[in-house]
Amino acid sequence: QVQLVESRGGLVQPGGSLRLSCATSGIIFSIFTMGWYRQAPGKQRELVAVITSGRSTNYADSVKGRFTISRDNVKKTVYLQMNSLKPEDTAIYYCNAHREDRDRAYDYWGRGTQVTVSS
């Protein structure tokens with residue numbers, strides 16, 4: 001059974017930092033592209049950052065220079081370090097595991113964790 005479990009988010013003041021983690025089980029973690037997505041109230045879910053099995057990374061323009069995604073293949077965990085947080089970063093953050101082979105695509109999601117940036 002595949003499980004992706006995000007760490008608890010929380011309330012952070014503008015300019016503050018928070019690190020999210022997502023622990024996985026039931027997948028061959030090292031071969032998956034791992035990503036963080038977020039969904040703010042009334043908005044569609046959007047990509048925040050991804051890291052491939054080869055550790056290439058990609059970020060949404062809105063978080064470049066502030067957020068860093070990383071992975072630990074031994075711990076089967078992906079992280080999102082968020083610095084210089086802004087109120088517009090407030091959202092539910094979701095962990096995603098993705099891979100494709102010749103026959104199908106695999107997508108697994110965590111349940112999400114709330115991050116609120118407010119003074």
Side-chain angles (χ1 to χ4, degrees):
Q1 183 180 1
V2 178
Q3 287 190 312
L4 280 68
V5 181
E6 297 100 341
S7 58
R8 182 173 294 183
L11 174 63
V12 184
Q13 291 190 339
S17 297
L18 188 66
R19 188 175 85 152
L20 301 179
S21 63
C22 172
T24 72
S25 60
I27 61 171
I28 304 174
F29 180 82
S30 61
I31 66 174
F32 275 76
T33 289
M34 299 301 299
W36 287 95
Y37 291 72
R38 67 186 181 187
Q39 187 167 17
K43 295 187 176 181
Q44 289 188 331
R45 190 174 298 190
E46 64 175 2
L47 172 70
V48 176
V50 292
I51 183 167
T52 69
S53 58
R55 299 181 186 272
S56 296
T57 59
N58 192 33
Y59 296 90
D61 287 343
S62 59
V63 306
K64 281 181 181 176
R66 299 188 298 122
F67 290 12
T68 302
I69 189 170
S70 62
R71 64 190 295 158
D72 185 328
N73 287 350
V74 174
K75 295 183 178 180
K76 300 182 180 180
T77 300
V78 62
Y79 303 94
L80 185 68
Q81 177 67 44
M82 303 184 291
N83 298 327
S84 303
L85 282 160
K86 304 176 181 180
E88 50 263 44
D89 294 318
T90 295
I92 299 174
Y93 283 71
Y94 297 90
C95 177
N96 170 261
H98 175 83
R99 69 176 289 263
E100 297 178 12
D101 62 23
R102 187 176 58 183
D103 299 320
R104 61 169 286 189
Y106 301 81
D107 268 294
Y108 303 106
W109 293 90
R111 292 186 175 182
T113 187
Q114 177 71 49
V115 173
T116 302
V117 183
S118 175
S119 54

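Nothing here was measured: the structure is a model prediction, and the numbers come from that model. Computed over heavy atoms, backbone and side chain alike; hydrogens, waters and symmetry mates excluded.
Proximity of a side-chain donor or acceptor of Thr24 to a complementary backbone N or O of Lys76 within less than 3.5 Å is detected.
Once rounded to the nearest 0.5 Å, the distance linking OG1 of Thr52 with CZ of Arg71 reads 7.0 Å. Considering CG of Asp89 and OG of Ser118, their distance stands at 12.5 Å, rounded to 0.5 Å. Between the CD atom of Gln39 and the CD atom of Glu46 there is a distance of 9.5 Å, given to the nearest 0.5 Å. The line from OG1 of Thr68 to CG of Asn83 is 6.5 Å long, rounded to the nearest 0.5 Å. Going from atom CD of Gln1 over to atom OH of Tyr108 covers 11.0 Å, rounded to the nearest 0.5 Å.
A pairwise comparison of heavy atoms in Asp103 and Asp101 identifies N-OD1, 2.9 Å as the closest pair. Scanning all heavy atoms of the two residues, the minimum distance from Ser70 to Val78 falls at O-CG2, 3.2 Å. In plain terms, the two heavy atoms of Leu4 and Cys22 that are nearest each other are CB-SG, 3.9 Å. Minimum heavy-atom separation, Gly26 to Val2: O-CG2, 3.6 Å. The minimum heavy-atom distance linking Ala105 with His98 is given by the pair CB-CE1, 4.3 Å. Nearest heavy atoms, Tyr79 versus Asp72: CE1-CB, 4.0 Å.
Between Cys95 and Trp109, the closest side-chain pair of non-hydrogen atoms is not below 4.5 Å. By the 4.5 Å heavy-atom criterion applied to side chains, Trp36 and Glu6 are counted as neighbours. Using a 4.5 Å heavy-atom cutoff, the side chains of Thr90 and Gln114 are in contact. Side-chain contact check for Asp107 versus Phe32: every heavy-atom pair is 4.5 Å or farther apart. Taking the side chain as every heavy atom from C-beta outward, Met82 and Arg66 never approach each other to under 4.5 Å. At a threshold of 4.5 Å between non-hydrogen side-chain atoms, the residues Ser7 and Thr113 do not count as touching.
Remark: Ile28 CD1 is loosely packed, at most 12 non-hydrogen atoms of other residues, nucleotides or ligands lying under 6.0 Å away. Arg55 CZ: more than 12 foreign heavy atoms inside a 6.0 Å radius. Enclosure of atom CD in Glu88 by more than 12 non-hydrogen atoms of other residues, nucleotides or ligands within 6.0 angstrom is indicated.
The hydrophobic clustering, which links ILVMFWY residues whose side-chain heavy atoms are closer than 4.5 Å, places Ile69 and Leu18 together. Hydrophobic clustering, with ILVMFWY side chains joined whenever heavy atoms are under 4.5 angstrom apart, groups Tyr106 together with Met34. Taking hydrophobic clusters as Ile, Leu, Val, Met, Phe, Trp and Tyr residues chained together by side-chain heavy-atom distances below 4.5 Å, Val63 shares a cluster with Ile51. Residues Leu20 and Val117 share a hydrophobic cluster, clusters being chains of Ile/Leu/Val/Met/Phe/Trp/Tyr side chains in contact below 4.5 Å. Put simply, Ile31 and Ile27 are part of the same group of oily side chains (I, L, V, M, F, W, Y) that touch within less than 4.5 Å, one to the next.
For Tyr94, the ring pair (Phe, Tyr, Trp, His ring centres under 6.0 Å) test picks out no residue, with sequence neighbours left out.
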Item to complete: Assess whether side chain to side chain contact (heavy atoms under 4.5 Å, CB included) is satisfied between Ile92 and Tyr37, documenting all intermediate values.
Response: CA-CA 8 Å; Ile92 299 174; Tyr37 291 72; over 6 Å; no

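For the pair Asp61 and Lys64, the salt-bridge criterion is met [side-chain N within less than 4.0 Å of a carboxylate O].
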